[in-house]
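Here's the structure, in structure tokens; my notes come after.
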Amino acid sequence: MSKSPSESSQPSQTPPGSSPLGAAATFAEYAPALESSDIVNIAESYGLFIDGEFVETSSGERLITVNPATAEPLAEVAVAGEADVDRAVAAARRAYETAWGELAPSARGRYLFRIARLLQERAREFAVLESLDGGKPIRESRDVDIPLVAAHFFYYAGWADKLPYAVGAGVIPKPLGVAGQIVPWNFPLLMASWKIAPALAAGNTVVLKPAETTPLTALLLAEVLQEAELPPGVVNIVTGAGETGAALAAHRGVDKVAFTGSTEVGKLIRKSTARTGARLTLELGGKSAHVIFDDAPIDQAVEGVVRGIWFNQGHVCCAGSRLIVQETIAEEFVDRLTRRMRLLRVGDPLDKNTDVGAINSREQLDKIVDLVDAGVADGADLITSDCELPEQGWFFRPTILNNVATSNRVAVEEIFGPVLTVMTFRTPEEAIAKANATRYGLAAGVWTADGARILWMAQRLRAGVVWANTYNQFDPTSPFGGMRQSGFGREGGRHGLAAYLNCVPMDSLAAGPIDRMAPATTSRPDGGRS
Ligand code: NDP
């Protein structure tokens, strides 16, 4: 069992007990309110979910998934090799050709509605398991992740028999075939739902690869799919590490790959799909800017920044991780933000009082520590929360790196942890230049009372999503995705369906196949023949 290195690596700004917050900090100390984990029944060992059943791997290889809040093992999970991925893709192809592809669109919709309802019925179980396996606070898995998962299934269920309206006039929507979907550990079930629900609504079948450190809710979803009597092979789940994902992305039986994760792995997947010709959408990393003007409502903006960077321990691809604040209010803003940050409770993810849970893995914690050290070495001012950290598991205090320069490592690299970097600006042009000084382009936030300025900024910010006077708002009806090294393609909304459809022009079907050798039948006004 490991202890958090962050105990020693995060110097406290103020000794406990002499906090300048005084009464406020005392007021914020609540008695523990633990969510019981009794509702979850975790098996000792899990197989792969292929063709509607849990099956063993051909190699017998296994990995252990741990609870990041205690560093203790939760379960053993099968590691799918190339032969297993091949089996899963074959099952998905069979299901596409014999069951799912033949089904009336309204029947597909009924299955999706059924899955959505079962997810709602078992929501508490899913929420507890997500927090146990991933380390996120139960309040977030209970109130954000799992309700959004069900909402995505409900939303796309409604589209299943209305696809022609989703793609517009003049084209006929056709499914692509088998979709290979690879998801990360920060929103394990939510990312799975963003991918599975539109793929199935559009008539495709799926092979899903969950992240190595958070496979358990995907395996619980497999039980829900069995309960919903989804035809075997429509959704297959292959657990394992990076090699399993690589085998799936490179498989020639896969027609479409959807990936969420790091930019580095996204580049590898792009090479694989260039070889196989599979369609591709990539949702990659980010270093999103949160721009605060001096006319912004400061208290709301502080809350927006808190939500932008400390939600889910900062393990969010679109986290507002770079605060760019107008110089005239910078000192006051950082003071207020520091006060608010020091009220955040870090601790047991199953405690309903917890605001910031556990870091997902030891590797991720080491990466955060390394980057914060680099920021301090580059000259940033370190401001941390002075809360106590649990003795077991992997935790990191909410942290601000103030007075960061655009050339510093922490200003350009994705930290993927509860760490905010702060820079200032004087003019809107400077704010744009600083916000766009990144290889990424996933999201941005703007806070100002001036509506025209919001539009001016939104036109110039190079980001797939721009939130105005809010942050981290998600809804199944809204498309989400990036530009530049944050990837391409959209998930959510009608755009999310388009990623799983081949839109065939209606004319090409009505006219039948083109015979290029046939004599021309129309004469041109100039007497020539075509
Ligand atoms: P990865 O990109 O490595 O993982 C994402 C998914 O891809 C996981 O299921 C992973 O499996 C799988 N995978 C890993 N290697 C390959 C490969 N060669 N081919 C196909 N699939 C592969 O992210 P990490 O988990 O390693 O996190 C590293 C960094 O990535 C984070 O620190 C963060 O900066 C960023 N990240 C960004 C996310 C986002 O939402 N934009 C989400 C997660 C991470 P496995 O888990 O088994 O390795």
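Whatever order the structure lists ligands and atoms in, that order sets their numbers, starting from 1. In what follows, residues are counted from 1 in the order of the sequence shown. Keep in mind the model is a prediction, meaning the values are calculated, not measured.
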Which of the numbered atoms in ligand 1 are under 4.0 angstrom from any heavy atom belonging to [X]?
X    : result
A211 : 9 (O), 46 (O)
P210 : 9 (O)
G245 : 19 (N), 20 (C), 21 (N)
Q364 : 31 (C), 32 (O)
E414 : 33 (C), 34 (O), 35 (C)
V183 : 6 (C), 8 (C), 9 (O)
W185 : 24 (P), 25 (O), 27 (O)
N186 : 40 (O), 42 (C)

Taking only Lys NZ, Arg NE, NH1 and NH2, and the carboxylate oxygens of Asp or Glu, determine whether [X] and [Y] approach each other closer than 4.0 Å.
X    : Y    : result
R252 : E82  : no
D373 : R409 : no
R62  : E56  : yes
D84  : R87  : yes

Are any non-hydrogen side-chain atoms of [X] and [Y] less than 4.5 angstrom apart?
X    : Y    : value
W394 : V66  : yes
T384 : L382 : yes
F126 : V224 : yes
R462 : T438 : no
V419 : V410 : no

In this structure, does ligand 1 have an atom that sits under 4.0 Å from one of the heavy atoms of S486?
no
When you measure from the heavy atoms of F187 to every atom of ligand 1, does any distance fall below 4.0 Å?
no
Stepwise, does the ring pair (Phe, Tyr, Trp, His ring centres under 6.0 Å) test hold for W194 with F480?
CA-CA 10 Å; W194 278 24; F480 178 86; 5.5 Å; yes
For [atom], what's the nearest protein heavy-atom neighbour? Residue, atom name and distance, please.
atom                    : answer
atom 13 (N) of ligand 1 : G242 CA, 3.8 Å
atom 18 (N) of ligand 1 : L268 CD1, 3.8 Å
atom 12 (C) of ligand 1 : I182 CG2, 3.7 Å
atom 22 (C) of ligand 1 : V265 CG1, 3.5 Å
atom 44 (C) of ligand 1 : F416 CE2, 3.8 Å

Classify the angle between the aromatic ring planes of W447 and H290 as parallel (below 30°), tilted (30 to 60°) or perpendicular (above 60°).
tilted
Parallel, tilted or perpendicular: rings of H315 and F416 (30°, 60°)
parallel
Can you figure out which of [options] has its heavy atom closest to [atom]?
atom                    : options                : answer
atom 39 (C) of ligand 1 : C317, G417, P184       : C317
atom 32 (O) of ligand 1 : E363, M191, K367, K267 : K367
atom 11 (O) of ligand 1 : K209, E243, K287, H315 : K209
atom 30 (O) of ligand 1 : S262, G285, G286       : S262

Is the closest N or O pair between [X] and ligand 1 shorter than 3.5 Å?
X    : answer
L284 : yes
F259 : no
G240 : yes
E212 : yes
T260 : no

For E44 and E76, indicate whether the former's side chain and the latter's backbone hold a donor-acceptor pair under 3.5 Å.
no
Tested for salt bridge (charged side-chain N to carboxylate O under 4.0 Å, His left out) against R139, the lone hit among D355, D351, D145, D348 is D355
Between A246 and ligand 1, which residue portion shows a heavy-atom distance shorter than 4.0 Å: side chain, backbone, both, or neither?
both
Atom 26 (O) of ligand 1: protein heavy atom closer than 4.0 Å?
no
Residue that, paired with D133, satisfies side-chain hydrogen bond (donor to acceptor under 3.5 Å, both in side chains) out of T214, N360, T217, T65
T65
